[in-house]
Visitor: 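I have a structure I would like to understand better, so I am pasting it below and will then ask my questions one at a time.
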Amino acid sequence: MKAIVIHAAKDLRIERREAETLGAGQVRVALEIGGICGSDLHYYRHGGFGPVRLKEPMILGHEVSGRILECSGDVGALRVGERVAISPSRPCRACRYCLEGMPNQCLNMRFYGSAMPFPHIQGAFRQELVADASQCAPAGHLSAEEAAMAEPLSVCLHATRRAGGMVGKSVLVTGCGPIGALCVLAARRAGADRIVATDLGPFPLSIAKQVSADETLDMAADPKALERFGAHKGTFDLLYECSGAAPALAAAIPAMRPGATIMQLGLGGDMSLPMQAITAKELTIKGSFRFHDEFFTAVSLMRKGLIDVRPLITHKFGLDDAVEAFETAGDRSRAMKAQIAF
Ligand SMILES: [Zn+2]
Ligand SMILES: [Zn+2]
C-alpha cells in the first residue's frame, strides 16, 4: 500500500509500506479520505512545531475515514463494508491520567502522526489502516469527506465542554481556519447567542459567516476593528483563541468582559500575555488540547444534522498529488480544509 511520509521540511514522499497484521478486536479499513491538519502542515513546512521535531520519517495524518474491509474477533456492531470515522486518539487506558478520566493527557498516548514521542507515532495517511474497533464511529449516511471532519470537530467540542455553560454567551473566535470555524459551529450548537469571528483576510471569514458567525472582522483591513467591543470594560464572555498568534490574543483581551474565559486552542509556540489586563479583569485562561470521547459525539451530531461541516470542505486531491494538496492547504486565501482521497 501507499503512504504519505514526511522525511524533513518540504520533503514529502509517497512510499510503499507493508500492510499491518490484524489482531483480535480490530478492523482493517480501506481509507477513503484524509484531511490535512495544521499540525501536518507544520511538519511539512518546518519539520515540526515548538520543541516537537521530526527525528525519523513519519507517515502524516490523523483526520481519516474509510470502509471496513475485514474484522477480527469481537468488533461489536461494526460490519464489513461499513463507512467509519476513525479516531486517532489511542490512550493507554492504564496510566494515572487515563484512570483519572483525562485520556487526552495520557502519558503513553499513541495519537496518529505525532512526532512528540520517539519513536514517532506513525500516522493514518495510507491506503489501509488497522484500527481498534473502539476507535471506529459508524458514519451512517455521512460522506467520507464529512466523516473525516470528525477529528477537528472533536477538538472544538472538547474546548466547548471545557468552556462550561454556553447558553446566551457572547463569544469571540480569533483565527478562522478549520478549528476557528468549527468552534463557531460548536458554540452555536451549545447555545451561544452572539458570535464574532476575526481573521486576516476575507476568505476564511466568508466561511465563518456561512457557518453562522453573527459578525466577522478582518483584522488585516482594520487592525482596530475590535476596539469598539472594549467599551464598558468589554463585551465577550468567552474567547476561543484559535490563531496561536500573540497579536490576536493581545487585541482580544480589551474586548473581554471582567470574569471572562480565554480558551486557548492555537498552538503557535510561546506567547507573551498582557498580564496586567488579565489580572485586573480577573480573566481565566484555560488550555484545550485534543479530545477523546468527543469524537463519537462529533460523528453523532453530524449524523443527526445538528452540525453541518460541509461549508468547510474546499479541496480534494488524489494521493499522488499530495504535495500540491499540502501547498494548497496552507493557502489561507482560498483553502479551508483540503483533503486527500486514497
Ligand atoms: Zn487535526
Ligand atoms: Zn494513559
Side-chain angles (χ1 to χ4, degrees), residues 4 6 31 33-45 48-50 52 58-65 85-117 120-126 129 131-132 134-135 137 144-160 175-183 185-186 240 242-244 265-268 288-295 297-299 302 307 309 312-315 322 325-326 329-330 332 335-340:
I4 300 175
I6 188 83
L31 289 193
I33 291 290
I36 298 174
C37 181
S39 63
D40 298 315
L41 268 178
H42 275 288
Y43 291 121
Y44 173 69
R45 284 177 167 166
F49 45 91
V52 180
M58 180 177 81
I59 302 177
L60 286 173
H62 57 264
E63 303 181 358
V64 292
S65 64
I86 304 166
S87 174
S89 176
R90 296 187 296 168
C92 73
R93 300 178 190 279
C95 74
R96 61 183 295 186
Y97 299 112
C98 282
L99 297 177
E100 286 173 14
M102 301 167 75
N104 63 317
Q105 297 291 347
C106 174
L107 293 169
N108 311 301
M109 174 61 81
R110 291 162 58 239
F111 200 98
Y112 288 138
S114 171
M116 281 184 191
H120 301 337
I121 310 300
Q122 298 295 317
F125 283 175
R126 48 175 113 187
L129 182 72
D132 293 341
S134 60
Q135 290 172 254
E145 289 80 0
E146 289 170 272
M149 294 295 286
E151 194 273 347
L153 177 55
S154 310
V155 169
C156 302
L157 293 178
H158 182 71
T160 300
C176 279
I179 293 296
L182 290 168
C183 282
L185 280 168
Y240 289 89
C242 302
S243 73
L265 288 93
L267 282 169
S288 187
F289 185 59
R290 294 181 178 162
F291 56 86
H292 187 69
D293 307 343
E294 294 89 349
F295 189 85
T297 307
V299 174
M302 287 194 289
I307 287 188
V309 298
L312 277 75
I313 303 170
T314 53
H315 292 80
F326 273 74
R332 294 289 296 280
M336 178 59 75
K337 181 58 77 180
Q339 296 180 325
I340 294 171

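Computed from a prediction, not measured in an experiment: that's the story for all the values here. Atoms within a ligand are numbered from 1 in the order they appear, just like the ligands themselves.
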Visitor: Is any side-chain heavy atom of E63 closer than 4.5 Å to a side-chain heavy atom of K337?
Guide: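 Heavy-atom side-chain distance check passes, below 4.5 Å.
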
Visitor: Would you name the N/O/S atom of E151 that lies closest to the Zn ion (ligand 1)?
Guide: OE1

Visitor: Measure the acute angle between the ring planes of F125 and F326, then classify it against the limits of 30° and 60° as parallel, tilted or perpendicular.
Guide: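 If you compare the ring of F125 with that of F326, the planes turn out perpendicular.
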
Visitor: Is the shortest heavy-atom distance from the side chain of F111 to the side chain of I121 under 4.5 Å?
Guide: no

Visitor: Take the Zn ion (ligand 1) as the vertex and measure to SG of C37 and NE2 of H62; round to 10°.
Guide: 90°

Visitor: For the Zn ion (ligand 1), decide whether E63 has an N, O or S atom at a distance under 2.8 Å.
Guide: yes

Visitor: Which angle, to 10 degrees, forms at the Zn ion (ligand 2) with SG of C98 on one side and SG of C92 on the other?
Guide: 120°

Visitor: Using the Zn ion (ligand 2) as the vertex, how large is the angle between SG of C95 and SG of C106, rounded to 10 degrees?
Guide: 110°

Visitor: Are Y112 and E151 linked by a side-chain donor-acceptor pair shorter than 3.5 Å?
Guide: no

Visitor: Keeping the roles fixed (side chain from Q339, backbone from E145), state whether a donor-acceptor pair exists under 3.5 Å.
Guide: yes

